[in-house]
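Here's the structure we're looking at; comments come further down.
Note: hydrogens, waters and symmetry copies are ignored here, and every other heavy atom, side chains too, is used. Start at 1 and go down the list; that is how both ligands and their atoms are numbered. Values in this document were obtained by computation on a predicted structure and should not be read as measured data.
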Amino acid sequence: MIEFETVSKIYGDKKAVDDVSFKINKGEFFVLIGPSGCGKTTTLKMINRLINLSEGFIYFNDKPISDYDVSKMRWDIGYVLQQIALFPHMTIKENIAQVPEMKKWKKKDIADRVDELLNMVGLDPETYRDRYPSELSGGQQQRIGVIRALASDPPVVLMDEPFSALDPISRKNLQDDLLELQTKIKKTIVFVTHDIEEAMKMGDRICLLNQGRVEQIGTPDEFIHHPKNEFVKSFLGNMDVHVLKQIQLGDIAQPITEVSIGEINQFPKVKPTETIDHIYGLLAEHEAIVMDKGEEVPSHIVTRKYVFSYLAGKNRGVS
Ligand code: ADP
Ligand code: MG
């Protein structure tokens, strides 16, 4: 769907984006992450040509983006910004309707679409469509920012730290909403964040940038279990214990080697899909937990000591 081939962006003598290559699949939630100034926004804006690339190629549906008509292409790529960027003098309906208006949709179709989108994010159209942005909370305004980007049903949506200006509770709610929405709409989403927890929660795959270069691309699981280098490990080290506790028993259980069968039977058995969060309580009373894969003789176990040191970063290579 979107492919970067050895793409660089050069400002003066500085490479803001340095020889970046990746492929984003249709319907994928692809997260760009990295420290401030690593080139996330530049990478994102090159996709819809708000910034021109210096070297390499970007393909959109196998065609170089330079072959597309810029304004038409932008209509087919939704864009959500960090700062809530609704037009204050326009109603919610008028804000959402912008791209459909430009595309000259029929009035009735636009009105239906606005109501459909408001319903999708749990905002009653009757109540909200004629309000002005200032009459909504920050979280509600950013919900409008998200559905405005979806208004004309674009196949691709770019989001640049869309939730980072929100308070933690609104932020969590919008993350949950977007994940649920995505199961229905299956857009190709390129999502920028500097927050590793948000990346792990939202991304099908994550691309970690550092000084314009790709450090690692992979699923959240691959990041946790196979961090490629020290930079990746230390970036993951920022993860909150709360997120780590969402990791499943099956991801960290170790082959049983030393324990005799008699001893194994005294430990509780838990399914591999249970999260650490869930088995934490059991570990207060039991030295270890056996993984229940339905085997006659269990093969994997996790000890209290292992889980504690895992949460402390020891078995993840974080020092
Ligand atoms: P991020 O979004 O990851 O914080 P950016 O993509 O905004 O990073 O910026 C990447 C690097 O490029 C930074 O060092 C930034 O200072 C530099 N940069 C961004 N825009 C410009 C510009 N218009 N002129 C010169 N340097 C820029
Ligand atoms: Mg940025």
Side-chain angles (χ1 to χ4, degrees), residues 2-24 28-58 60 65-66 70 73-74 77-86 138 141-142 145-146 148-149 156-168 170-171 174-175 178 188-203 205-218 220 223 227-239:
I2 299 167
E3 180 172 4
F4 275 58
E5 193 182 288
T6 59
V7 173
S8 296
K9 176 67 193 180
I10 300 162
Y11 290 114
D13 56 1
K14 186 182 151 60
K15 279 197 168 177
V17 173
D18 188 358
D19 198 22
V20 164
S21 299
F22 55 71
K23 256 188 195 172
I24 303 174
E28 188 171 32
F29 200 119
F30 190 84
V31 174
L32 290 168
I33 189 167
S36 179
C38 71
K40 304 179 293 295
T41 295
T42 306
T43 302
L44 195 74
K45 284 184 170 174
M46 286 193 289
I47 297 172
N48 63 358
R49 292 172 63 188
L50 287 172
I51 293 177
N52 290 317
L53 48 82
S54 309
E55 291 168 359
F57 299 90
I58 300 175
F60 182 53
I65 54 169
S66 51
V70 174
M73 197 179 86
R74 285 199 198 131
I77 300 183
Y79 190 40
V80 187
L81 294 164
Q82 171 181 359
Q83 63 280 21
I84 299 161
L86 301 180
Q141 289 184 42
Q142 196 57 312
V146 171
R148 179 175 62 176
V156 176
V157 183
L158 312 180
M159 301 192 175
D160 195 350
E161 311 212 18
F163 307 143
S164 62
L166 301 175
D167 65 90
S170 307
R171 181 173 190 169
L174 264 85
Q175 290 170 346
L178 180 59
T188 305
I189 297 178
V190 191
F191 185 102
V192 166
T193 182
H194 61 264
D195 176 355
I196 182 67
E197 292 165 42
E198 188 165 70
M200 299 299 267
K201 174 175 174 178
M202 307 297 286
R205 281 191 306 148
I206 297 169
C207 171
L208 174 58
L209 295 172
N210 178 28
Q211 297 185 352
R213 300 187 71 94
V214 173
E215 294 282 357
Q216 181 163 353
I217 298 178
F223 268 80
K228 260 193 177 163
N229 56 39
E230 288 307 311
F231 180 83
V232 179
K233 284 179 189 172
S234 72
F235 204 82
L236 287 171
N238 298 330
M239 254 190 312

If only atom types and distance count, is the side chain of Gln216 paired as donor or acceptor with the main-chain N or O of Lys228 below 3.5 Å? yes

If we count only non-hydrogen protein atoms and require a distance under 4.0 Å, does atom 27 (C) of ligand 1 qualify as touching the protein? yes

Just wondering, is there an N, O or S atom on Thr41 that's nearer than 2.8 Å to the Mg ion (ligand 2)? yes

For atom 12 (O) of ligand 1, grab the closest protein heavy atom and report residue, atom and distance to one decimal in Å. Ala16 CB, 3.2 Å

Can you tell me which residue and heavy atom of the protein come closest to atom 9 (O) of ligand 1, and the distance to 0.1 Å? Thr42 OG1, 3.7 Å

When you measure from the side chain of Thr193 to the backbone N and O of Ile33, does any donor-acceptor pair fall under 3.5 Å? no

Checking Asn229 side chain against Val232 main chain: does a donor-acceptor pair fall under 3.5 Å? yes

protein heavy-atom neighbour closest to atom 13 (C) of ligand 1 works out as Gly37 O, 3.6 Å

Against ligand 1, does Gly34 come closer than 4.0 Å with any heavy atom? no

To the nearest 0.1 Å, how far is atom 7 (O) of ligand 1 from its closest protein heavy atom, and which atom is that? Thr41 CB, 3.8 Å

Below 4.0 angstrom, counting only protein heavy atoms, does anything approach atom 3 (O) of ligand 1? yes

Side chain of Lys40, backbone of His194: donor and acceptor closer than 3.5 Å? no

of all protein heavy atoms, closest to atom 16 (O) of ligand 1 is Lys14 CE, 4.8 Å

Quick check on Gln175: does its CD atom have over 12 non-hydrogen neighbours (other residues, nucleotides or ligands) under 6.0 Å away? yes

Is the shortest distance from a Lys or Arg side-chain nitrogen in Glu55 or Lys15 to a carboxylate oxygen in the other one below 4.0 Å? yes

In ligand 1, which numbered atoms sit nearer than 4.0 Å to a non-hydrogen atom of Ser36? 4 (O)

Side chain Arg148, main chain Val80, donor-acceptor under 3.5 Å: no

So, does Arg74 use its side chain to make a donor-acceptor pair with the main chain of Asn48 at under 3.5 Å? yes

Nearest protein heavy atom to atom 18 (N) of ligand 1, by residue and atom, and its distance? Tyr11 CE1, 3.5 Å

